[in-house]
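Structure, as structure tokens:
All values below were derived from every heavy atom in this structure, side-chain atoms included, with hydrogens, water molecules and symmetry-related copies excluded. Below, chain A is the first sequence line, B the second, and so on; all start at residue 1. Note that the structure is predicted; figures quoted are calculated from it, not measured.
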Protein chains: 2
Amino acid sequence: MRYVQRAEYGVPPATSVDDGDPLFVQAIARAMQVLSAFHDTGKPLTLNEIAAQSGMGRSAAQRVVHTLRQLGYIERDADDRGYVPGIRVLDHTRDYLRLNPLVVRASPVLMELRRNVRERVDLSLRDGLRLVYAARLQSKRETFFATLVGQSVPIYCTSGGRAVMAHLSDAEVDEIIARSDRREITPKTITDPEEIRAKVREARENGYALALEEILQGEIAIAAALLAPDGTPLGAIHIAGSLSEWDAETYCRRFAPLVAEAAGALNRF
Amino acid sequence: MRYVQRAEYGVPPATSVDDGDPLFVQAIARAMQVLSAFHDTGKPLTLNEIAAQSGMGRSAAQRVVHTLRQLGYIERDADDRGYVPGIRVLDHTRDYLRLNPLVVRASPVLMELRRNVRERVDLSLRDGLRLVYAARLQSKRETFFATLVGQSVPIYCTSGGRAVMAHLSDAEVDEIIARSDRREITPKTITDPEEIRAKVREARENGYALALEEILQGEIAIAAALLAPDGTPLGAIHIAGSLSEWDAETYCRRFAPLVAEAAGALNRF
DNA sequence: GGACAAAGTATCGCTATGCGATACATTTGT
DNA sequence: ACAAATGTATCGCATAGCGATACTTTGTCC
């Protein structure tokens with residue numbers, strides 16, 4: 001069942017604070033490390049846990065947490081048993097979504113697409129080795145946590161990821177494959193480099209990419225890439241459904257044109 | 001038309017850096033001020049604008065921006081004309097939503113509610129004088145930007161706000177009214193203190209609150225409060241629809257029981 | 001096309017600022 | 001009731017970050 005849920009795939013390794021860059025501001029990096037300590041937990045954290053997670057001393061953690069608390073980026077858990085992220089982070093979510101030009105341009109297209117298909121429609125954006133979901137139009141069935149903004153999936157084994165890789169050079173694809181931590185997220189996850197490359201070639205030919213249960217059992221997803229004017233893939237549009245209602249072939253025949261058309265509309269210029 | 005859109009209501013005034021607190025970490029406050037500079041803009045910001053907005057010198061802004069950029073919290077705009085928030089902020093969004101117990105508990109109830117009503121269903125959480133939307137299950141019609149996570153509305157003139165105030169003492173209500181910047185967001189916005197108090201009393205009697213076009217023209221919203229075990233209101237569940245399809249009375253009769261029931265289910269314990 | 005303006009980048013010395021060490025208070029569990 | 005763990009507070013030193021300034025690049029106007 002729950003092969004996935006908690007994990008963040010390929011979250012960039014906590015950027016080392018003391019890299020050579022002289023323009024680096026320690027305290028800020030520390031603050032972000034503290035906030036990032038929550039990425040790997042499912043429950044509120046104590047001060048010591050935060051300190052450990054973010055690799056700094058108790059004192060430092062204490063002061064950072066204190067400050068972030070004042071600012072509303074960290075809160076005490078409801079029953080005062082630990083710390084959790086604060087509501088102020090949502091303000092920045094809004095800013096990100098509002099100011100990202102791709103999200104802005106894509107959203108009416110996504111809404112329209114959602115009207116035509118009764119399945120879930122997602123917009124994901126590339127960040128290194130992963131795709132981060134930025135906009136999600138849920139279908140009636142799934143749980144809220146299957147549709148969290150900010151959730152991310154690896155590129156190497158997802159429909160959106162392969163749609164993105166289809167627009168990268170072979171060398172870049174190889175690098176993604178090499179650098180990715182290719183775990184079998186479900187038994188169906190394709191992790192073999194050669195198979196992945198084959199899937200990418202397939203996506204190049206079709207203009208869309210397909211993934212079957214590679215992230216979540218029972219899930220089928222089809223995706224097409226969104227491109228910058230210069231052709232760089234920035235992310236993808238996904239349509240995700242359930243294998244309890246569709247077989248792969250029908251799903252493809254039905255939704256491939258729609259997802260390709262939606263992406264195409266956004267890639268013209 | 002677009003009375004609202006861009007504005008953030010009652011975003012806490014940029015927390016002063018040099019308040020008395022000796023445990024205060026400047027650099028972190030600075031970082032957050034820089035990120036918050038985007039709250040008030042609709043376009044990418046230049047370094048100077050960021051510096052001005054966040055009330056610090058060019059140098060400081062430069063260094064903070066540089067750092068946040070390294071960490072992925074700020075990015076260059078697509079066509080390199082300014083800075084925008086970076087995708088890393090979405091990681092924290094996810095953490096917030098995952099770790100907030102109310103969001104966790106409420107989401108299945110919201111999904112169920114959304115299945116029964118064909119209108120938009122929202123969960124908002126209180127933050128001072130405003131309600132911040134944390135979960136939004138959109139209906140088919142509206143634009144994506146009407147349903148942004150992180151968007152916030154003032155308490156004094158919204159259905160959710162009045163549902164929340166219904167569970168506060170009169171003194172607390174008065175304080176909210178007094179401290180709020182009560183603008184007429186639409187011509188229908190109720191800004192008169194006595195009228196607001198009347199609406200709150202009404203909400204107390206009914207167990208739900210109603211608002212007609214006070215934020216957005218043509219919008220009708222009904223809400224019920226979510227409470228902590230001790231009775232403190234933490235937020236609200238909303239059902240929002242369009243007056244082009246409903247008259248107020250029918251809307252109420254139809255949805256009041258549903259929203260009250262949903263909130264009730266969550267308030268039992 | 002050449003000059004001017006505006007945005008971004010880099011450098012450097014001083015001191016305000018944040019860290020480590022440590023000790024105290026408060027809560028939790030057995 | 002005691003021990004262990006968590007949160008809070010204090011303080012002096014060294015360093016990390018700020019202001020001032022100057023350099024480079026990019027865009028715009030005539």
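- The side chain to side chain contact (heavy atoms under 4.5 Å, CB included) check on B:Glu261 picks up B:Leu258, with sequence neighbours excluded.
- In this structure A:Asp181 satisfies the salt bridge (charged side-chain N to carboxylate O under 4.0 Å, His left out) test together with A:Arg183, sequence neighbours excluded.
- In terms of the side chain to side chain contact (heavy atoms under 4.5 Å, CB included) criterion, residue partners of A:Glu112 (sequence neighbours excluded) are, by chain and number, A:Arg115, A:Asn116.
- By the salt bridge (charged side-chain N to carboxylate O under 4.0 Å, His left out) test, B:Arg76 pairs with B:Asp80, sequence neighbours left out.
- Legend: residues meeting side-chain hydrogen bond (donor to acceptor under 3.5 Å, both in side chains) with B:Asp230, ordered by chain and number and at least two apart, are B:Thr232.
- The side chain to side chain contact (heavy atoms under 4.5 Å, CB included) search around A:Ser36 returns A:His39, B:Tyr73, B:His92, not counting sequence neighbours.
- Remark: B:Glu49 engages B:Lys43 in a salt bridge (charged side-chain N to carboxylate O under 4.0 Å, His left out) (not counting sequence neighbours).
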Any protein N or O atoms within reach of nucleotides 20-22 of chain C? Criterion: under 3.5 Å, listing atom names and distances.
from, atom 1, to, atom 2, distance (Å)
C:dG20, N7, A:Ser59, OG, 3.2
C:dA21, N7, A:Ser59, OG, 3.2
C:dA21, N6, A:Ser59, OG, 3.0

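- Rounding to whole angstrom units, CZ of residue B:Arg76 and C1' of C:dG8 are separated by 7 Å.
- A search for salt bridge (charged side-chain N to carboxylate O under 4.0 Å, His left out) contacts involving A:Glu142 returns A:Arg120, not counting sequence neighbours.
- If one axis is set at each end of the helix from C:dG1-D:dC30 to C:dT30-D:dA1 from five pairs, those axes are 60° apart, to 10°.
- Here B:Pro44 pairs with B:Asp77, B:Val84 under the side chain to side chain contact (heavy atoms under 4.5 Å, CB included) rule; sequence neighbours left out.
- B:Ser169 and B:Glu172 form a side-chain donor-acceptor contact under 3.5 Å, judged by distance and modelled atom types alone.
- At a non-hydrogen distance threshold of 4.0 Å, A:Thr46, A:Leu47, A:Asn48 from residues 42-49 of chain A come into contact with DNA chain D.
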